[in-house]
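These notes concern the structure reproduced below.
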Amino acid sequence: MTLDPNYIASYANTFIETLIEYSPKVVSALIILFIGLYAIRIINRLIRKIMVKRELDPTLTKFLADILLWVLRVLLFVTFIDKLGIGTSSFVAILGAMGLAVGLSLQGSLSNFAGGMLIILFKPFKVGDTIEAQGVLATVQEIQIFVTKLITSNNQTIFVPNGALSNGTIINYSMQGSRRADLTIAISYGTDLKKAKDIIIKALAEDSRILTSPALEVSVKNLTDNAIQLAVRPWAKTEDYGAVVAATLENCKLAFDAEGIAFQPYVTELSNNNNPQQQFNTVIQKG
């Protein structure tokens, strides 16, 4: 089989003409690609510096910078293929269809994503805060895009979806910096009321963790059939709250024992929101 020299020459001429025709497009497209990548890198660094300078949350800074990076890359890629002469309308339509399919299949994840954005933007809590939400009382260790990582007092790790977290009620015990303990101590009707209050105030005054401002409060809360209930409300820093509650109960019991005053059987500590689910009873046996 012999090759027709005229056919080879015609093919070569066609190839050279096509190469000459498309060379400017290829060169210009490559120039746009490299310049675009370099410009995107500079823009990304600049945006990060601006957000850091404005003291935005580090999680939000990284997330927004990454989103901007990929948006710019997609736009650059569309520009690149358009410069090569490839039609972009069908390509954009395919991207849109893919985005719709992914969005429908990841509705729950997108809800958590939006919740994470709301938490990062509006900051109902931050890392290190003690919060109560979704039936969990714990300390925030990490705020991620889809979930928030919490650590309980007994060292359990809990991941709460940001969607549910942002749409639910959040109690932040750390935001104000201090917290009041609402304790109820019951004494018998035969006890000298003024003396009992003075003993409690003196016992609490010896605890340096109890704040002097706002001042602690000891008052009659209720008169039941068999006891006088005293409301004991000391203030403490958030990080000292648990220790102050325990120390207050112990110091009051020891001070009453030293004065020969007996507790009624129950001492009840109420949560700040008076939620019955958060109430607990501590039984003190009479000596």
Side-chain angles (χ1 to χ4, degrees), residues 124-133 135-140 150-154 169-287:
F125 55 83
K126 63 181 185 298
V127 174
D129 284 357
T130 299
I131 66 171
E132 183 178 347
V136 177
L137 175 62
T139 301
V140 179
L150 305 176
I151 302 296
T152 63
S153 58
N154 57 351
T169 300
I170 301 173
I171 302 175
N172 190 329
Y173 292 111
S174 302
M175 185 171 287
Q176 299 301 323
S178 61
R179 187 176 171 189
R180 189 184 73 181
D182 291 332
L183 303 170
T184 301
I185 295 179
I187 59 176
S188 66
Y189 278 98
T191 303
D192 186 330
L193 179 59
K194 186 177 184 307
K195 181 179 179 181
K197 292 173 63 177
D198 291 340
I199 291 172
I200 294 174
I201 292 174
K202 181 179 178 181
L204 297 184
E206 296 175 353
D207 192 338
S208 61
R209 294 168 299 186
I210 295 178
L211 302 178
T212 56
S213 179
L216 66 91
E217 177 187 346
V218 181
S219 59
V220 176
K221 178 181 179 181
N222 193 17
L223 300 176
T224 66
D225 292 338
N226 60 355
I228 301 174
Q229 292 184 346
L230 298 178
V232 182
R233 300 186 176 105
W235 287 82
K237 293 181 179 179
T238 304
E239 58 269 23
D240 296 332
Y241 175 79
V244 166
V245 169
T248 297
L249 295 175
E250 181 178 348
N251 292 338
C252 288
K253 178 63 170 67
L254 293 176
F256 275 22
D257 288 347
E259 296 293 334
I261 299 176
F263 271 129
Q264 287 299 97
Y266 294 93
V267 176
T268 305
E269 193 275 345
L270 303 179
S271 65
N272 286 345
N273 59 0
N274 293 324
N275 185 345
Q277 294 182 349
Q278 297 298 323
Q279 298 180 3
F280 64 90
N281 295 330
T282 303
V283 180
I284 301 181
Q285 301 294 337
K286 294 183 179 180

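This chain uses plain numbering: 1 for the first residue, then up along the sequence.
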OG/S178 to CD/E239 distance, rounded to the nearest 0.5 angstrom?
10.0 Å

Starting at OG1 of T169, measure out to CD of E132 and round the result to the nearest 0.5 Å.
10.0 Å

For the residue pair D207 and A247, what are the closest heavy atoms and their distance?
OD2-CB, 3.7 Å

Can you tell me how far the CD1 atom of I201 sits from the NZ atom of K197, to the nearest 0.5 Å?
6.5 Å

Measure the shortest side-chain to side-chain distance between L230 and L193 over non-hydrogen atoms and say whether it is less than 4.5 angstrom.
yes

When you compare the side chain of L211 with that of K237, does any pair of heavy atoms fall below 4.5 Å?
yes

If you measure from the Lys or Arg side-chain nitrogens to the Asp or Glu carboxylate oxygens, is any gap between D198 and K194 under 4.0 Å?
yes

I170 CD1 to M175 CE distance, which is reported to the nearest 0.5 Å
9.0 Å

Can you see which heavy atom on N172 is nearest to which on P124, and at what distance?
ND2-O, 2.9 Å

Around atom CG of D225, are there more than 12 heavy atoms from other residues, nucleotides or ligands closer than 6.0 Å?
no

Side-chain contact, heavy-atom cut-off 4.5 Å: L137 with T152?
no

Hey, which of V140, T139, V136 is the one that makes side chain to side chain contact (heavy atoms under 4.5 Å, CB included) with I131?
V140

Quick one: does I228's side chain get under 4.5 Å of L223's, heavy atoms only?
yes

How far apart are the closest heavy atoms of A255 and I199, and which atoms are they?
CB-CG2, 3.5 Å

Give me the atom names and distance for the closest heavy-atom approach of I185 to F263.
CG2-CE2, 2.6 Å

Candidate pair K253 and D257, rule salt bridge (Lys or Arg N to Asp or Glu O under 4.0 Å), full reasoning:
CA-CA 6 Å; K253 178 63 170 67; D257 288 347; 2.7 Å; yes

Is S174 close to F125 at the side-chain level, that is, under 4.5 Å between some pair of heavy atoms?
no

Can you give me the closest heavy-atom contact between L216 and I210, atom names plus distance?
CD2-CG2, 4.3 Å

I'd like to know whether R180 forms a salt bridge (Lys or Arg N to Asp or Glu O under 4.0 Å) with D182, so could you lay out the CA-CA distance, the side-chain angles of the two residues, the decisive distance to 0.1 Å, and finally the verdict.
CA-CA 6 Å; R180 189 184 73 181; D182 291 332; 2.7 Å; yes

Once you round to the nearest 0.5 Å, how far does CD1 of I171 lie from OG1 of T130?
12.5 Å

For the atom pair OG1 (T224) and OH (Y189), what is the distance rounded to the nearest 0.5 Å?
5.0 Å

To check you understand the geometry: which heavy-atom pair defines the closest contact between L204 and P234, and what is its length?
CD1-CB, 4.4 Å

Is there side-chain contact between F256 and T191, with heavy atoms separated by less than 4.5 Å?
no

